[in-house]
Amino acid sequence: MKAKDIMSKDIVTVSPSIGIREIYSILKKTRYGGIPVVDKDRKILGMVTKSEILSVFLPDYFDLLGENIIYIDDFGTLDEEFENMPSFELFIVEDIMKKGSVTVEEDVSLLKVVAVMKKYNVRRILVAKDNVLKGMITRGDICKAFFEENGDK
Amino acid sequence: MLNPIIASTILIAALYMVITEKMDKVIAVSCGALLMIIVGQMLGFYSQKKALLAIDFNTLGLLLGMMIITSILKRTGFFTYIAITLAKISGGRPWKLMAILGVSTAFISMLVDNVTTIVIIVPISILVCDILGINPLPILMAEVVLSIIGGVATLVGDPPNIFIGSAAGLSFNDFLVNLFPVTLVVVFFSLFILKFIHRKQLSGKPRNFQAVLNIDAKKAIKDPRGMLKCLLALGVTFSLFFLHESLGLYPSFIALLGAGLAFLLLRPNPEDIFHDVEWPLLAFFTCFFVIVGGLQETGILSHLAKKTVFLADVDIRLYKIVLLWVTGIFSSMIGAVPFTMIMIPIIKTLSGLGINGGSLWWILAIGVGFGAAGLPTGSAASIIGISISKKSRSPIDIKTWLSSATVVAVASLIFVTILILAGLF
């Protein structure tokens with residue numbers, strides 16, 4: 001079996017200019033965990049997942065605080081601002097997406113897909129030819145392919 | 001005449017690559033060092049042996065030892081604990097916060113490396129300001145600028161002092177006696193200059209101070225017993241620093257002894273600790289020693305020194321003032337460390353010529369130290385501080401730097417100029 005045999009071809013994509021709220025409603029509607037970002041020629045620009053959306057809530061310097069975040073329960077004014085005038089509404093996909101994406105060719109074996117996913121620690125992988133999006137494979141797709149094929153025998 | 005020109009060209013080319021960031025700085029200076037040895041060997045002014053002798057292992061050992069102790073101490077959560085506790089004492093008022101955190105950063109920088117201090121204190125300070133809803137910019141400027149200035153006070157406060165101490169054979173106590181008082185004065189008046197410059201940003205009304213009070217600073221300490229053990233090792237190290245001259249111990253030996261003691265008491269995973277050691281910085285210093293060593297062997301630096309002696313004969317105070325400002329300006333532009341290394345052989349020659357050299361070393365230390373705050377390129381602490389501030393809502397830009405830190409640097413050099421005129425240096 002090859003990547004192209006199990007990938008979903010009919011996938012929802014977004015352009016880099018749409019807003020964060022819209023992304024949220026697409027994620028909710030499609031129940032996808034992540035959506036590929038493509039330009040008008042379906043060239044892959046990046047990927048936007050729930051974790052990218054979560055990270056816009058946090059100020060950039062938070063990653064420098066390391067473990068110090070754990071014992072602070074009350075962020076005072078920061079909490080107030082977060083709840084009252086959410087600046088994250090202003091973000092568009094281009095600001096938050098993970099640029100570039102882990103891709104595989106259509107003809108690679110499933111084992112390779114699994115290995116690449118594990119290597120880059122991603123939940124989904126894009127199938128592309130010359131960086132043009134052809135499909136997407138999720139962890140579920142792979143499990144389904146392995147277990148259901150064996151079960152059929 | 002050819003040798004000095006070629007050697008200077010290698011030095012200038014390497015510095016150019018470093019300053020313009022056209023090449024990674026370690027790669028740039030290692031190419032420069034190798035080129036210096038090859039060309040020097042061919043032209044007969046330098047050799048592999050001389051290059052090895054040019055490397056000051058006392059300096060490298062002292063830096064390595066202090067880096068190890070700092071890394072171990074940092075991991076116990078000590079610095080974060082201090083920063084949060086100080087923020088609580090401030091009562092949340094912006095000016096008090098700036099004064100307490102700024103002055104404490106200056107004092108911590110006298111004992112440990114500036115960059116480590118900045119990397120830990122600055123993000124916590126931004127967070128505290130965000131919790132209070134006040135502008136963090138004045139506090140960040142105070143921390144970065146005062147850490148640079150504070151480092152001047154002691155032998156181990158800043159790499160330039162380590163180089164000077166090692167080259168001139170000046171002890172920890174020599175530094176303390178000659179530089180601590182002036183640094184202390186400059187730290188406080190810089191703080192007030194910064195207060196005046198940033199008065200508008202300091203006028204914000206803090207809110208939610210209770211949230212800061214609610215932070216349990218003790219939880220920042222990941223390893224309370226380890227912290228005490230590490231502070232003990234640091235205490236032993238500094239006690240020995242006070243005594244090193246009478247005990248006949250090299251500062252590098254003491255620093256490495258302290259590092260060994262911390263290792264023994266805390267038993268951290270050495271791999272983690274060595275990961276924190278700034279090997280690229282040590283490699284940079286090593287290579288730069290080799291480059292400056294080559295330049296020195298051509299005789300150009302002592303020639304330069306001799307050329308300037310006439311000025312000292314005319315008026316030694318004028319000579320010191322010129323030295324102060326030249327070192328200050330160059331240190332801010334090309335960085336305190338490289339400029340100190342270039343100046344050391346020059347001052348050595350001057351001392352050898354019977355000029356009242358003693359105080360020239362202090363002028364050099366003050367010039368490069370205070371001058372380093374003049375431009376962001378002057379020290380690693382400012383480069384790191386600025387890059388962290390860019391992750392906050394109040395990034396330090398070049399305009400802010402020029403209207404704040406540069407003013408402080410110039411004011412402190414003017415202050416020292418007055419001290420020289422008054423015959424106090």
Side-chain angles (χ1 to χ4, degrees), chain A residues 16-17 19-21 23-24 34 37 45-101 118-121, chain B residues 74-84 87-88 92 94 116 118-136 140 204-223 276 384-396:
Chain A
S17 58
I20 192 165
R21 195 168 275 278
I23 279 287
Y24 168 71
V37 184
L45 299 171
M47 187 84 143
V48 54
T49 69
K50 284 177 185 159
S51 52
E52 268 82 49
I53 291 183
L54 285 185
S55 63
V56 305
F57 298 150
L58 297 178
D60 285 347
Y61 64 88
F62 265 42
D63 52 1
L64 300 173
L65 291 163
E67 291 168 33
N68 296 327
I69 290 296
I70 299 167
Y71 54 82
I72 301 173
D73 302 322
D74 181 358
F75 288 106
T77 313
L78 216 50
D79 281 324
E80 286 171 13
E81 286 174 10
F82 179 61
E83 281 156 29
N84 300 333
M85 36 176 175
S87 53
F88 58 81
E89 293 269 10
L90 300 170
F91 283 98
I92 58 169
V93 169
E94 198 173 6
D95 305 323
I96 63 166
M97 70 180 187
K98 207 155 94 197
K99 292 195 177 65
S101 181
K118 185 133 175 37
K119 161 114 177 81
Y120 294 98
N121 195 18
Chain B
K74 177 180 90 176
R75 282 158 184 274
T76 66
F78 175 71
F79 296 116
T80 315
Y81 170 75
I82 294 286
I84 295 173
K88 287 182 177 185
T116 313
I118 291 298
V119 164
I120 299 170
I121 306 254
V122 167
I124 282 283
S125 306
I126 300 174
L127 177 64
V128 168
C129 291
D130 270 1
I131 292 177
L132 296 170
I134 59 173
N135 190 341
L140 304 191
K205 287 270 170 295
R207 291 180 287 142
N208 298 308
F209 180 58
Q210 193 56 41
V212 175
L213 282 180
N214 287 345
I215 302 174
D216 188 354
K218 282 208 185 86
K219 284 192 183 155
I221 305 171
K222 286 165 219 157
D223 174 8
D276 278 353
I384 301 281
I386 289 172
S387 84
I388 297 175
S389 82
K390 293 218 164 109
K391 293 189 165 213
S392 79
R393 280 178 287 189
S394 320
I396 300 172

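Order of the sequence lines fixes the chain letters, A, B, ..., with proteins taken first and strands second; residue numbering starts at 1 for each chain. These values consider heavy atoms only, across backbone and side chains, with no hydrogens, waters or symmetry-generated copies. Just so you know, these numbers come straight off a predicted model, no measurement behind them.
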Would the number of heavy atoms belonging to other residues, nucleotides or ligands and lying under 6.0 Å from [atom1] of [X] be above 12?
X	atom1	answer
F57(A)	CZ	yes
K88(B)	NZ	yes
K222(B)	NZ	yes

From the list G133(B), P123(B), G77(B), the residue making the most non-hydrogen contacts under 4.5 Å with chain A is P123(B)

At a 4.5 Å cut-off on heavy atoms, which part of [X] comes close to chain A: side chain, backbone, both, or neither?
X	result
I84(B)	side chain
L127(B)	both
D130(B)	both

Ranked by heavy-atom pairs below 4.5 Å to chain B, first place among I70(A), L65(A), T77(A), D74(A) goes to T77(A)

Point-to-point distance, once rounded to the nearest 0.5 Å, from [atom1] of [X] to [atom2] of [Y]:
X	Y	atom1	atom2	answer
D73(A)	D216(B)	CG	CG	9.5 Å
K390(B)	D60(A)	NZ	CG	13.0 Å
F75(A)	I215(B)	CZ	CD1	8.0 Å
D63(A)	K391(B)	CG	NZ	4.0 Å

Does L64(A) reach the side chain of I126(B), with side-chain heavy atoms less than 4.5 Å apart? no

Between Y71(A) and A220(B) the two heavy atoms that sit nearest each other are OH-CB, 3.0 Å

Honestly, the part of D79(A) sitting under 4.5 Å from a heavy atom of chain B is neither

